[in-house]
There are 2 protein chains.
Amino acid sequence: MQPLRSLGQRAGLTHARVLAAARELLAESGFEALTMRSLALRLDVSPNALYSHVESKTALIDDVLDDVLSEVKTPESDVEDASAGLHAIMASTHEVLLAHADLVPLFLARQGARGPNAQELGEIVLTLLALEGVDGPRAREALRVLIVYTIGFTAFATQAPLMPMDQQQPSTGELAMNFDSGLRWLLNGIAAPN
Amino acid sequence: MQPLRSLGQRAGLTHARVLAAARELLAESGFEALTMRSLALRLDVSPNALYSHVESKTALIDDVLDDVLSEVKTPESDVEDASAGLHAIMASTHEVLLAHADLVPLFLARQGARGPNAQELGEIVLTLLALEGVDGPRAREALRVLIVYTIGFTAFATQAPLMPMDQQQPSTGELAMNFDSGLRWLLNGIAAPN
DNA sequence: ACCTGAACACCGTTCAAGT
DNA sequence: ACCTGAACACCGTTCAAGT
């Protein structure tokens with residue numbers, strides 16, 4: 001049921017409406033169903049009308065990716081335990097990505113998001129690392145490893161069998177524990193003196 | 001320079017020739033240039049002729065992915081230091097993937113390869129883990145983490161800026177050291193008693 | 001069995017024209 | 001400024017026909 005439009009009224013497209021429609025389409029039908037044409041159909045405009053509000057499909061996808069990161073829960077700034085804070089923020093990122101599994105291949109194809117939300121999350125992680133005494137190039141190393149691990153794990157956890165020798169697919173709960181194991185290994189390594 | 005064909009002679013396509021041509025095209029022009037039509041042009045046949053030797057483009061890509069894994073150097077089976085062996089096999093995988101950067105997005109999109117070479121590599125890693133006293137579900141956890149980390153890191157290391165706060169792109173050497181750092185953290189965690 | 005020409009059912013994007 | 005119809009330059013894949 002499309003919202004009705006009175007005669008002569010403009011479609012009233014905005015960047016925000018296009019973005020919202022894209023996220024709905026992704027959530028309902030996956031990222032293969034997200035075409036400029038299907039998006040236009042849903043918004044009741046012709047395909048090329050989208051280009052008044054979006055530079056390209058790639059730019060739209062970048063906006064969608066950054067948008068979803070706004071859902072990540074960040075720890076309070078007066079956190080007492082930096083290590084627990086790091087665990088929490090990465091675990092929340094993992095949860096958000098899992099909840100939007102269809103987006104994960106796009107994160108990978110685009111090598112993560114690079115919009116304002118991604119930037120803010122990165123800075124929070126760097127702050128927590130500094131509280132642990134990790135800074136400079138070593139902090140950037142740690143951040144890179146944490147991002148790679150979190151996005152990568154989500155990608156492999158969602159969809160499809162992931163290892164050839166997986167006779168039976170691990171359950172969602174098992175995968176969540178698996179994610180936590182690796183994350184702890186990494187955080188221990190990062191916090192270790194050398 | 002296409003190999004000349006005498007009049008009346010058949011193209012003589014085989015699965016192997018299609019696969020080789022696909023890898024050449026990938027190496028020369030990247031994976032966006034790999035279309036069934038460009039592949040057909042290179043092989044001097046019509047596009048639909050490929051379907052006599054390949055089930056679909058996806059199946060072809062799966063074959064390419066597994067094929068490249070044959071280049072990974074595996075440690076001798078009489079390895080004395082299991083931990084060093086694990087480091088070596090993952091580092092070699094990393095190198096092979098880096099050398100075929102164009103394939104990495106495909107590995108991610110397909111969640112790793114699942115052909116015979118991928119299977120063999122997985123089993124070697126499990127054997128090395130067993131030598132370290134890690135087996136059962138914990139070994140499968142470890143394997144999953146190692147695969148995710150290695151493919152994920154390569155994906156983020158190749159191409160594009162990867163973090164918003166990267167003022168200047170890290171050099172290839174820095175990224176290689178970064179990969180090693182994270183890998184050591186993981187291997188330490190995996191080997192730790194608990 | 002293997003290849004061809006032609007076509008089907010799509011894509012993202014651009015362009016000229018309307019309001 | 002924003003939208004439309006039409007078109008451009010592609011895709012992967014299928015089908016009927018030839019050898």
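Just so we're clear, the structure is a prediction, and the values are computed from it rather than from any experiment. The sequence lines fix the lettering, A, B, ..., with proteins before strands; numbering per chain opens at 1.
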*Asks:* Ring centroids only, cut at 6.0 angstrom: are F153(A) and Y149(B) within range, meaning strictly under it?
*Replies:*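 No - the distance between ring centres of F153(A) and Y149(B) does not fall below the 6.0 Å cut-off.
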*Asks:* Any donor-acceptor pair under 3.5 Å linking the side chain of R140(A) with the backbone of L126(A)?
*Replies:*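 Such a contact is absent between R140(A) side chain and L126(A) backbone.
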*Asks:* When rounded to the nearest 0.5 angstrom, what is the spacing between OG in S38(A) and CG in L25(A)?
*Replies:*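 Between atom OG of S38(A) and atom CG of L25(A) there are 4.5 Å.
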*Asks:* Out of dC11(D), dC3(D), dT4(C), which has the shortest distance to the side chain of S46(B)?
*Replies:*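 My answer, after comparing the listed nucleotides, is dT4(C).
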*Asks:* Between atom CG in L13(B) and atom C1' in dT4(C), what is the gap in whole Å?
*Replies:*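 So the CG-C1' distance, L13(B) to dT4(C), works out to 13 Å.
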*Asks:* Check the distance between dC10(C)'s C1' and L34(A)'s CG and give it to me in whole angstrom.
*Replies:*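 Taking CG of L34(A) and C1' of dC10(C), I get 15 Å after rounding.
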*Asks:* What are the atom names and distances for every N/O pair under 3.5 Å that joins the protein to nucleotides 13-15 of chain C?
*Replies:*
unit_1: dT13(C); atom_1: OP2; unit_2: Y51(A); atom_2: OH; d: 2.5
unit_1: dT13(C); atom_1: OP2; unit_2: K57(A); atom_2: N; d: 3.0
unit_1: dT13(C); atom_1: O5'; unit_2: Y51(A); atom_2: OH; d: 3.1
unit_1: dT14(C); atom_1: O4; unit_2: N48(A); atom_2: ND2; d: 3.4
unit_1: dC15(C); atom_1: N4; unit_2: N48(A); atom_2: ND2; d: 3.4

*Asks:* Please assess R144(B) against E174(A) for the test salt bridge (Lys or Arg N to Asp or Glu O under 4.0 Å), listing each intermediate value before the final yes or no.
*Replies:* CA-CA 12 Å; R144(B) 204 178 337 257; E174(A) 283 168 331; over 6 Å; no
*Asks:* Would you mind reading off the distance between L50(B) atom CG and dT4(C) atom C1', rounded to a whole angstrom?
*Replies:*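 Taking CG of L50(B) and C1' of dT4(C), I get 13 Å after rounding.
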*Asks:* Between dA9(C) and dA9(D), how many Å separate the two P atoms, rounded to a whole number?
*Replies:*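 Pairwise P distance, dA9(C) against dA9(D), rounds to 23 Å.
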*Asks:* Whole-Å distance between dA1(D) P and H15(A) NE2?
*Replies:*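 Rounded to whole Å, this separation is 19 Å.
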*Asks:* Got a salt bridge between E71(A) and R23(A), using NZ or NE/NH1/NH2 to carboxylate O under 4.0 Å?
*Replies:*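 Judged by the 4.0 Å cut-off on N to carboxylate O distance, E71(A) and R23(A) do form a salt bridge.
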